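Reading through the structure tokens given below for one structure.
A, B, ... follow the sequence lines: proteins, then strands. Residue 1 opens every chain. A quick note: this is a predicted structure, and the numbers were derived from the prediction, not measured.
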Amino acid sequence: MKIIAIYNIKGGVGKTATAVNLAYLASTDGANTLLWDLDPQGATSYYYKVKPKVKGGGKKLIEGKSDIEDAVRGTDYEDLDILPADFSYRNMDLFLDQTKKPQKRLRKLLQPFEDEYDYVFLDCPPSISSASEAVFAASDVLLVPTIPTTLSLRTYKQIRKFFHENGYAEMKILPFFAMVDRRKQMHRLIVEHPPSFMPGTLRSYIPYASEVEKMGVHRAPVGVFAGRSRAAVSYRNMWEEVKEDLHLLESELE
Amino acid sequence: MAKNQHEYILPETSSTADFIASLQSIFTIREEHEAVIWRTFYDTFDWRLFNQGASLELYKDQTSPKVYWRADKDSARKIQLGLSSVPRFIDHMPRSNLRKQLEPIQKMRELLPRIKLKIKRQPIVVLNDEGRIIVRLNVDEYWFRPAKTRAAHVLGRRVSSKAVKGYQENYDQYLDFIQQLELRTAPDNMLKLALAETGHSAGDYTTKLNLLLDTDEPLIAALKEILARLSEIIHQNTPGTIRGEDTEYLHDYRVAVRKTRSVMSEIKDALPPDIVNTYGKFFSMLGKYTGPVRDIDVYLIKLDKYQKNLSKEGKKQLKAFKLHLQELRKEKQAALKETLKSSEYKQAMKSWDEYLQQPVENLDENSPQARPVSTVADKLVWELYQQTLEQGNVITPESPADDIHTLRKTCKKLRYVMEFFQSLYPARRIRELILVLKGLQDVLGDFNDYAVHIDMLKEFRKSVPEESVEKAMTAMIKELKKKQAAVRAGFAEQYAQYSSQDHIDEFREIFVDSR
């Protein structure tokens with residue numbers, strides 16, 4: 001089981017779209033995939049037509065008082081399940097802080113799925129908090145969507161700094177560019193020459209495309225309703241690249 | 001099968017349409033697009049994976065191809081590997097956990113597609129009132145084409161299902177429905193079913209002779225059976241030997257040729273002189289063509305072992321030597337390939353097989369050919385055993401290496417003959433005798449191997465006049481000589497058992513007294 005988190009402190013950078021599409025692509029590979037919507041806004045759950053609600057509430061789930069397996073819902077796609085969001089997740093930090101080892105909590109909660117799923121995707125809310133630290137500790141890989149603008153790059157720098165200062169220096173981070181508008185000179189420049197503080201940036205990037213926005217209308221991943229669109233192709237390329245990286249990771253661990 | 005997944009067999013008497021109709025009478029369903037899936041099972045020529053209970057499968061549907069691995073029969077789950085094709089040789093496999101598991105099973109053998117199944121799949125989803133998918137199922141029709149015909153046929157139809165998370169109750173309702181239809185649970189045996197269709201079982205390739213000879217059978221009939229079985233092994237390994245990459249084909253091919261020659265030379269008067277004359281030459285020619293390639297193969301396999309003791313320069317030289325050997329192998333392999341592909345070769349094998357298949361008729365009762373096989377076998381085994389004792393008894397720690405090699409060769413002849421006629425004797429007792437002989441042969445073989453390695457390293461030393469190599473090789477040769485001496489010291493112990501009075505008595509009882 002590989003845990004892949006999609007994370008950024010900033011909101012509106014394409015985290016949910018990435019989680020929704022990559023998880024879908026993983027499942028079409030025939031891999032058993034679970035997507036955990038950790039964002040109280042519940043957009044991921046919405047895209048997959050699943051009610052953003054956890055039976056018994058988020059608190060019980062995080063504390064381990066209700067069975068996490070009961071909270072999982074199937075989607076319209078074979079091999080893809082979802083752990084829906086719950087509005088109570090807005091208090092995730094609070095829930096976590098009441099457990100014994102908040103940092104290790106998420107990983108522990110996912111343990112029963114070790115043999116069941118090949119991939120678990122975590123769609124994270126935009127923040128830096130106990131919850132995000134639990135995500136970092138749980139994940140094998142962190143995907144960081146970044147818009148190619150000065151402000152977003154600055155945020156990325158902050159994330160890296162945080163990792164270095166808080167003992168996540170070894171963490172496998174894969175930044176990539178999202179919402180890229182090739183009509184804009186700055187976007188083009190940054191995508192073609194990623195700054196030196198972004199080592200390991202994925203070659204594939206996600207364009208700013210209307211298909212991504214239409215996901216809300218179709219309530220489905222791009223690949224389902226616009227399989228040949230630029231956005232769908234970009235996500236596919238990105239997934240291939242991430243898999244390659246995961247494979248490398250595996251051989252490094254040996 | 002994983003939790004909440006089920007597979008049932010659809011009886012031949014009811015059609016897919018019948019099943020869908022009865023499903024529809026109870027549930028709201030939607031038939032999805034039909035799909036075609038190919039499942040190809042890979043294994044080595046001698047079914048090493050299957051024999052270990054493992055399976056490696058290439059799965060192709062409309063999405064990208066996938067490779068699944070199951071380590072043993074008991075694993076509930078197949079593991080999907082990060083591969084889209086099956087690498088033929090272990091060296092081509094990326095370093096991974098799988099490689100670690102596969103390496104000791106596959107070793108140097110190539111992986112071949114052994115069984116290919118085509119599945120026509122009708123996916124069906126069961127929907128609830130809100131239009132959400134609550135159960136997924138597939139009706140699969142398995143098609144299979146046996147190797148020797150172009151006509152494919154249906155191997156079976158199955159319905160597999162999977163619960164959708166969050167809808168357990170609905171899934172239970174579906175299972176109740178299945179129960180009412182009284183369908184049988186499907187075992188995970190498509191590979192075995194397909195194999196049965198080919199008229200074979202997996203693991204049916206063996207280099208063991210496994211004959212069923214009859215003690216009263218005329219000698220010539222028994223010999224023909226032995227030779228025909230050896231010819232079968234030769235044929236089985238010919239295409240692989242021609243391809244020339246997986247070295248085990250040539251190995252098995254060569255052993256079968258050597259055994260064939262051994263039958264002709266050890267039991268001379270039983271086969272017609274013209275046959276011995278013609279085919280003796282033919283098989284000896286095959287021995288000559290296969291020998292050099294096999295020798296180089298053995299060299300190359302052993303060479304890698306010497307790498308680690310070498311300096312950087314030495315490693316470079318060894319690599320160069322290896323390249324030189326590989327080039328030489330290409331040359332010899334090309335000659336071998338040409339021989340095996342020639343019409344002369346094919347014609348000779350064909351007429352050899354025809355001769356072996358001619359029924360034994362009108363035998364002159366007094367001819368050597370008509371003797372009961374057991375009489376001849378008894379005598380031959382006993383004589384060869386005596387010969388090994390004569391040669392072995394005079395070996396002292398000071399005897400020249402040639403004496404040991406002579407004994408090794410005689411032991412090999414004895415082993416072949418015992419294996420040819422094994423089925424004439426009490427199974428357990430002859431197996432014990434062969435086992436002791438094998439123990440002795442192992443020591444003699446090790447001794448010989450060291451001699452061969454030493455020669456090889458000497459040759460390497462000679463071919464690269466460079467001081468570091470000279471030094472490294474001299475040191476290694478010294479080391480090997482030490483090991484060879486240790487093997488020689490172990491000889492006495494093995495031989496003592498082989499030549500003990502008890503052992504001689506056992507031989508006498510089986511091969512002399514029972515006459």
Side-chain angles (χ1 to χ4, degrees), chain A residues 1-2 24-36 45 48-51 53-55 67-84 112-119 219 223 227 236-237 239-254, chain B residues 2-5 30 32-33 35 37 39 57-69 75-84 93-101 121 123-128 130-138 160-171:
Chain A
M1 185 175 82
K2 288 267 174 281
Y24 166 74
L25 289 167
S27 75
T28 57
D29 276 349
N32 290 327
T33 308
L34 177 69
L35 173 54
W36 191 351
S45 310
Y48 279 113
K49 301 181 196 165
V50 174
K51 271 185 212 143
K53 190 156 179 49
V54 173
K55 212 174 146 190
D67 194 347
I68 191 164
E69 290 180 65
D70 288 343
V72 178
R73 291 285 172 272
T75 66
D76 285 350
Y77 311 99
E78 204 174 344
D79 301 324
L80 176 59
D81 294 335
I82 184 166
L83 247 171
F113 298 130
E114 187 68 42
D115 289 333
E116 190 170 355
Y117 292 108
D118 300 299
Y119 297 109
R219 296 183 75 179
R236 264 205 299 279
N237 291 341
W239 177 232
E240 288 307 317
E241 219 181 311
V242 172
K243 273 195 290 185
E244 232 169 75
D245 270 302
L246 283 173
H247 188 76
L248 286 179
L249 188 69
E250 206 163 287
S251 38
E252 277 167 25
L253 290 174
E254 264 192 63
Chain B
K3 199 174 74 177
N4 272 334
Q5 284 188 34
R30 186 174 74 215
E32 310 273 78
H33 291 299
I37 294 155
R39 291 176 68 180
E57 175 187 348
L58 177 68
Y59 183 98
K60 275 187 177 167
D61 56 11
Q62 59 277 30
T63 65
S64 48
K66 300 159 192 97
V67 177
Y68 291 106
W69 164 250
S75 313
R77 235 182 110 205
K78 290 188 281 194
I79 297 167
Q80 191 194 333
L81 308 170
L83 298 169
S84 55
M93 181 84 69
R95 297 214 164 273
S96 57
N97 255 333
L98 167 77
R99 182 163 162 169
K100 273 191 210 154
Q101 293 178 52
R121 167 166 291 177
I124 299 168
V125 291
V126 178
L127 306 164
N128 68 4
E130 294 166 20
R132 282 205 59 95
I133 296 170
I134 50 176
V135 180
R136 291 179 183 282
L137 52 125
N138 295 311
S160 62
S161 57
K162 201 172 156 187
V164 175
K165 288 278 172 68
Y167 299 95
Q168 187 61 45
E169 271 175 38
N170 303 92
Y171 191 64

Next item on the list: Answer with side chain, backbone, both or neither: which region of K55(A) has an atom nearer than 4.5 Å to a non-hydrogen atom of chain B?
Entry: neither
Notebook entry, point to check: When the ring centroid of Y117(A) is compared with that of W36(A), is the distance short of 6.0 Å?
Noted result: no
Check: With distance as the sole criterion, is a donor-acceptor pair present between the side chains of Y167(B) and R132(B) under 3.5 Å?
Finding: yes
Notebook entry, point to check: Please walk me through it: do Y171(B) and S161(B) pass side chain to side chain donor-acceptor pair (under 3.5 Å)?
Noted result: CA-CA 9 Å; Y171(B) 191 64; S161(B) 57; 2.9 Å; yes
Checklist line | Option that, when pairs with chain A are counted at under 4.5 Å, heavy atom only, ranks first among R136(B), K66(B), Q168(B) | finding: R136(B)
Checklist line | chain A contact via P94(B) - which portion, at a heavy-atom distance below 4.5 Å | finding: side chain
Checklist line | Max heavy-atom pair count under 4.5 Å with chain B, selected residue of T28(A), D76(A), D81(A) | finding: D76(A)
Note to self: I'd like to know if K165(B) and E116(A) make a salt bridge, using a cut-off of under 4.0 Å between side-chain N and carboxylate O.
What the structure shows: yes
